[in-house]
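These numbers come from the heavy atoms of this one structure, side chains and all, not from hydrogens, waters or symmetry mates.
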Amino acid sequence: MLLYVFCWILQARNPLLWLHTYLPTSRWTVMRIRCIKDGNEVNIRRLVKSLFKRAGSVGCRAAVYRNEACQRAAANMKQIKALLGRSEGSRSGQEAPAEEKQQEARTAKDGPAGRAEERPAAPQGPTSFYCPVSMELMSDPVMVATGHTYDRQCIAKWLAQGNRTCPVTGMRLRHLELVPNHALRNAIQEWATAHGISLPNHYDTTNQPTFKLDDHHPKNILLGHEEIVWAVEVYGARLFSASADKTIRVWDIDSRRCEHVLEDHTRPVLSLAISGNRLYSGSYDFTIKVWDLNTLTRVKTLTGHTDAVRALSVSEGRLFSGSYDGTVRVWDEANMHCLEVLKGHNGPVRTLVNRGGCMFSGSYDKTVRVWDVRTLECKAALTGHTGAVRALVASPDYVFSGSDDTTIKVWDVRTLKCVQTLEGHEDNVRVLAVGETHMFSGSWDKTIRVWDLRTLECVKVLEGHSEAVLALAVGEGGLHPSSKVLVSGSYDTTVRFWDLNTFRCVRKCDGHFDAVRVLAAHNGHVFSGSYDGTIGVW
């Protein structure tokens, strides 16, 4: 199905269409397909995404929606075609008669030999000479904040319509200044002159509007990161955010200003953990950086993993790191030496949780392994899931594992036996959270289920998000500042607050321009990290 969609798009040959496939280091594929028609942007990513169930874990493997969705997929394809339109087709249809007349005239004048003559093809310049929007030779190339170059007339029209993202990447622009690309403009002019091509006069910028970011943009949306925010952690009056832009930003919560940027990783930063006066960061560069929280300087770099470090957890003076290389490494916090490499998983380790003197590791190999924190021995391999284990949370008595098989398994902390399998979700379980009396599960089926910790029964299904639920957190700030709430973040770009007494949605927060990927609740505040690189403070 995926191959079919790509082939169909390529065959359309619409010069106003461009594709951008962004492969974040989470090994998920986020596809953005945009079309400009009559000067208006049509975002059809959601229509395309509804054709598929999900992109797989390792190697960006794709899985198609289950059989009952095939009919809906066919209907969605019709909608996509309607949105894209056939501007080239209609244009070629109008020009065809003129071309036929010219061909007939040449045939009548030159005879049969004229049919064999072909008009020489127009010279084709380097790809960088053409605007990604119009696909035409640029006469006045300018750069936007992301570093991408467009023809001034096209990008000015894009910004004038209120868009604040880069057309190619979909990333939010930190500023709207258009910087002339003089080197590229000179190269285009030289090439055009050498090939006898006349360029239109340079776009007159004297009467063009100056684009500035709104000075009154929501003060609760913090700008700084250039790519996806993968993790957020709170320590005292500071918020730490890790991003695919390879940095960790340090924010003062009261002033909501970025105090410092920790730059040492060479690839996206995926995980964070705080212990004592140290911050640990795991990255796709296979390393763990140790930072001093007082000086905000790097203390040490821990090496040994051979793939991304996706999960970090601290217990009894030991740091546990779960990696896509299938291992869990244990580090002594005192001297930061590696004590042991815990092997046993046959796939990437996605999540870690500590409970009852044991460290539980969930993996894409469909199992949960239990490691004794002191002896570092594997006490058990918990099996039963038929899909990747993506989420783990623990209550005083149980450990809950959420899986791509749409179920949640409940494991007794003492006996390490599965006491129940919680069913009800219709798609993979992406995130779990636990409160005082309930456990919460968020799924790609767009719902949140509420489970009683005593009876292990589903007592409520929370509906409201229009796309997958990616993040959950339990905090304060519902109808009253002291009331307990569940906070959810979704692919639909919103953050919702649910009152834990009534299980009603009491607040819906907009502000992000892309999926809300992570959440953290602390001291009456909720912090959200988004695919658009922004941080929300609610």
Peer 1: Under the 3.5 angstrom rule, does the side chain of D514 hit a backbone N or O of D532 as a donor-acceptor pair?
Peer 2: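 Not a single qualifying donor-acceptor pair exists.
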Peer 1: Should E316 and R374 count as an ion pair when the cut-off is N to O under 4.0 Å?
Peer 2: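 Yes, charged N to carboxylate O under 4.0 Å.
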Peer 1: Evaluate whether atom NZ of K246 has more than 12 neighbouring non-hydrogen atoms of other residues, nucleotides or ligands under 6.0 angstrom away.
Peer 2: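 No - once you tally the heavy atoms of other residues, nucleotides and ligands closer than 6.0 Å, there are 12 at most.
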Peer 1: Tell me, with the steps shown, if W371 and L376 meet side-chain contact (heavy atoms from CB on, under 4.5 Å).
Peer 2: CA-CA 6 Å; W371 313 90; L376 304 181; over 6 Å; no
Peer 1: Quick one: does S323's side chain have a donor or acceptor within less than 3.5 Å of a partner on D307's backbone?
Peer 2: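 Indeed, once roles are kept as given, a pair shorter than 3.5 Å links the two residues.
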Peer 1: Indicate yes or no: does D412 engage K417 in a salt bridge with an N to O separation below 4.0 Å.
Peer 2: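 No, this pair does not count.
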Peer 1: If you draw the axis of the six-membered ring of W230, does the NZ or CZ of R310 fall within 45° of it and under 6.0 Å from the ring centre?
Peer 2: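 Yes, R310 and W230 form such a contact.
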Peer 1: Minimum heavy-atom separation for C458 and R449, please, with both atom names.
Peer 2: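 Smallest interatomic distance, heavy atoms only, reads SG-NH1, 3.4 Å.
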Peer 1: Starting from the C-alpha separation in whole Å, work towards a yes-or-no answer on side-chain hydrogen bond (donor to acceptor under 3.5 Å, both in side chains) for S443 and E426.
Peer 2: CA-CA 8 Å; S443 168; E426 298 178 356; over 6 Å; no
Peer 1: Just so I know, are the side chains of R318 and L339 near enough to count as touching, which here means a heavy-atom distance under 4.5 Å?
Peer 2: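 In contact.
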Peer 1: Rounded to the nearest 0.5 Å, how far apart are OG of S488 and CG of L472?
Peer 2: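 Between S488 OG and L472 CG, I get 6.5 Å after rounding to 0.5 Å.
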Peer 1: Test your reading of the model: is there a side-chain donor-acceptor pair from S275 to the backbone of R278, 3.5 Å cut-off?
Peer 2: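 The answer is no, because no donor-acceptor pair under 3.5 Å joins these two groups.
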Peer 1: Would you give the length of the straight line joining atom CG of D445 to atom NE2 of H465, rounded to the nearest 0.5 angstrom?
Peer 2: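 Rounded to the nearest 0.5 Å, the CG-NE2 separation comes to 12.0 Å.
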Peer 1: Kindly give the heavy-atom pair with the smallest separation between V413 and S395, and that separation in Å.
Peer 2: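 That closest heavy-atom pairing would be CG2-O, 4.4 Å.
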Peer 1: Do you know the tightest heavy-atom contact between L293 and L279?
Peer 2: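 It is CD2-CB, 3.6 Å.
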Peer 1: Quick one: does L500's side chain get under 4.5 Å of F440's, heavy atoms only?
Peer 2: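 Yes - at least one pair of side-chain heavy atoms lies under 4.5 Å apart.
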Peer 1: Do you know which two heavy atoms are closest between S528 and H512, and how far apart they sit?
Peer 2: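 Heavy atoms only, the tightest pair is OG-NE2, 2.8 Å.
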Peer 1: For the CG atom of L432 and the OG atom of S401, what is their distance to the nearest 0.5 Å?
Peer 2: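 Reported value, rounded in 0.5 Å steps: 8.0 Å.
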Peer 1: Give me the atom names and distance for the closest heavy-atom approach of W451 to E423.
Peer 2: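 Looks like CH2-O, 3.4 Å.
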Peer 1: So do the side chains of L486 and F497 get within less than 4.5 Å of each other, counting heavy atoms only?
Peer 2: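 Of all side-chain heavy-atom pairs linking F497 with L486, none is under 4.5 Å.
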Peer 1: Are K379 and L416 close enough, and set up right, to give a side-chain contact (heavy atoms from CB on, under 4.5 Å), and what steps lead you there?
Peer 2: CA-CA 9 Å; K379 298 182 66 174; L416 302 179; 4.2 Å; yes
Peer 1: Quick one: does M359's side chain get under 4.5 Å of S315's, heavy atoms only?
Peer 2: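 Yes - at least one pair of side-chain heavy atoms lies under 4.5 Å apart.
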Peer 1: Might you confirm whether atom CZ of R256 has over 12 heavy atoms from other residues, nucleotides or ligands at distances under 6.0 Å?
Peer 2: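 Above 12, so yes.
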Peer 1: Applying the salt bridge (Lys or Arg N to Asp or Glu O under 4.0 Å) criterion to D404, which one of R390, K366, R350 satisfies it?
Peer 2: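 Exactly one option meets the salt bridge (Lys or Arg N to Asp or Glu O under 4.0 Å) with D404, and it is R390.
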Peer 1: When you check the gap from the basic side-chain N to the acidic O, do D492 and K446 get nearer than 4.0 Å?
Peer 2: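 No, no charged N to carboxylate O under 4.0 Å.
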Peer 1: Distance-only, no hydrogens or angles: does the S490 side chain make a donor-acceptor pair with backbone N or O of E467 under 3.5 Å?
Peer 2: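 Yes, because the side chain of S490 sits within donor-acceptor range (under 3.5 Å) of the backbone of E467.
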Peer 1: Applying the side chain to side chain contact (heavy atoms under 4.5 Å, CB included) test to I535, which of L222, L223, V518, I221 qualifies?
Peer 2: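 Exactly one option meets the side chain to side chain contact (heavy atoms under 4.5 Å, CB included) with I535, and it is L222.
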Peer 1: Taking the side chain as everything from C-beta on, heavy atoms only, tell me whether V261 gets closer than 4.5 Å to V250.
Peer 2: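 They are not in side-chain contact.
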Peer 1: Calculate, to the nearest 0.5 Å, the distance between atoms CG and OG1 belonging to D405 and T386 respectively.
Peer 2: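 D405 atom CG to T386 atom OG1 measures 4.0 Å (nearest 0.5 Å).
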Peer 1: Between T447 and V461 (side chain of the first, backbone of the second, donor and acceptor by atom type, cut-off under 3.5 Å), is there such a pair?
Peer 2: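 No; judged by distance alone, with no hydrogens or angles, the pair does not exist.
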Peer 1: For the pair H305 and T287, evaluate side-chain hydrogen bond (donor to acceptor under 3.5 Å, both in side chains) and give the outcome as yes or no after the intermediate values.
Peer 2: CA-CA 7 Å; H305 283 297; T287 70; over 6 Å; no
Peer 1: At their closest point, which heavy atom of S361 faces which heavy atom of V328, and how far apart are they?
Peer 2: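 So the two residues come closest at CB-CG2, 4.1 Å.
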Peer 1: Quick one: does any side-chain atom of S271 pair with a main-chain N or O of L312 as donor and acceptor, under 3.5 Å?
Peer 2: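 Checked: no pair found.
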Peer 1: Check whether D245 reaches the backbone of E226 with its side chain - one donor and one acceptor, N or O, closer than 3.5 Å.
Peer 2: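 Judged by distance alone, yes, a pair lies under 3.5 Å.
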Peer 1: Would you say the side-chain atoms of T367 pair up with the backbone N or O of L382, donor to acceptor, closer than 3.5 Å?
Peer 2: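 Judged by distance alone, no pair lies under 3.5 Å.
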Peer 1: Within a radius of less than 6.0 Å around NZ of K343, do more than 12 heavy atoms belonging to other residues, nucleotides or ligands occur?
Peer 2: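 Counting other residues, nucleotides and ligands, NZ of K343 stays at 12 neighbours or fewer.
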Peer 1: Would H225 and T534 count as a side-chain hydrogen bond (donor to acceptor under 3.5 Å, both in side chains) if you check the C-alpha gap in whole Å, the side-chain angles of each, and the deciding distance to 0.1 Å?
Peer 2: CA-CA 6 Å; H225 285 300; T534 64; over 6 Å; no
Peer 1: Is there a side-chain contact between V419 and Y398 (heavy atoms, below 4.5 Å)?
Peer 2: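 With C-beta onward as the side chain, the pair touches.
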Peer 1: Please determine whether side-chain hydrogen bond (donor to acceptor under 3.5 Å, both in side chains) holds for the pair T494 and K508, giving the CA-CA distance in whole Å, both sets of side-chain angles, and the decisive distance to 0.1 Å.
Peer 2: CA-CA 7 Å; T494 67; K508 177 186 175 183; 5.6 Å; no
Peer 1: Show your reasoning for whether side-chain contact (heavy atoms from CB on, under 4.5 Å) applies to D452 and H438.
Peer 2: CA-CA 5 Å; D452 189 291; H438 296 89; 4.3 Å; yes
Peer 1: Y491 and Y531: ring pair (Phe, Tyr, Trp, His ring centres under 6.0 Å), yes or no, with the steps?
Peer 2: CA-CA 9 Å; Y491 230 124; Y531 277 14; 5.8 Å; yes
Peer 1: side-chain contact (heavy atoms from CB on, under 4.5 Å) between V487 and V495: does it pass, once the steps are laid out?
Peer 2: CA-CA 7 Å; V487 189; V495 176; 3.4 Å; yes
Peer 1: Just verifying a value: how many Å separate F400 CZ and L456 CG, rounded to the nearest 0.5 Å?
Peer 2: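 With rounding to 0.5 Å, CZ (F400) is 6.0 Å from CG (L456).
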Peer 1: Exactly one of H265, K289, E233 should register a side chain to side chain donor-acceptor pair (under 3.5 Å) with S281. Which one does?
Peer 2: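 Among H265, K289, E233, the one that satisfies the side chain to side chain donor-acceptor pair (under 3.5 Å) with S281 is H265.
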Peer 1: Counting N and O atoms only, with roles assigned by atom type, does the side chain of N428 sit under 3.5 Å from a partner on the main chain of R430, one being a donor and the other an acceptor?
Peer 2: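 Answer holds: no.
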Peer 1: So, do F240 and W251 sit near enough that their side-chain heavy atoms are less than 4.5 Å apart?
Peer 2: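 Result no, sub-4.5 Å side-chain heavy-atom pair not found.
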Peer 1: Assess whether salt bridge (charged side-chain N to carboxylate O under 4.0 Å, His left out) is satisfied between D397 and R414, documenting all intermediate values.
Peer 2: CA-CA 8 Å; D397 300 319; R414 291 171 293 275; 3.6 Å; yes
Peer 1: NE2/H337 to CG/D332 distance, rounded to the nearest 0.5 angstrom?
Peer 2: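 Reported to 0.5 Å precision, the distance equals 8.5 Å.
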Peer 1: Would the distance check show the side chain of T327 and the main-chain N or O of V341 forming a donor-acceptor pair, the cut-off being under 3.5 Å?
Peer 2: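 A pair under 3.5 Å: no.
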Peer 1: Using side-chain heavy atoms (C-beta onward) and a distance below 4.5 Å, is R507 in contact with R496?
Peer 2: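 SC-SC contact between R507 and R496 ruled out.
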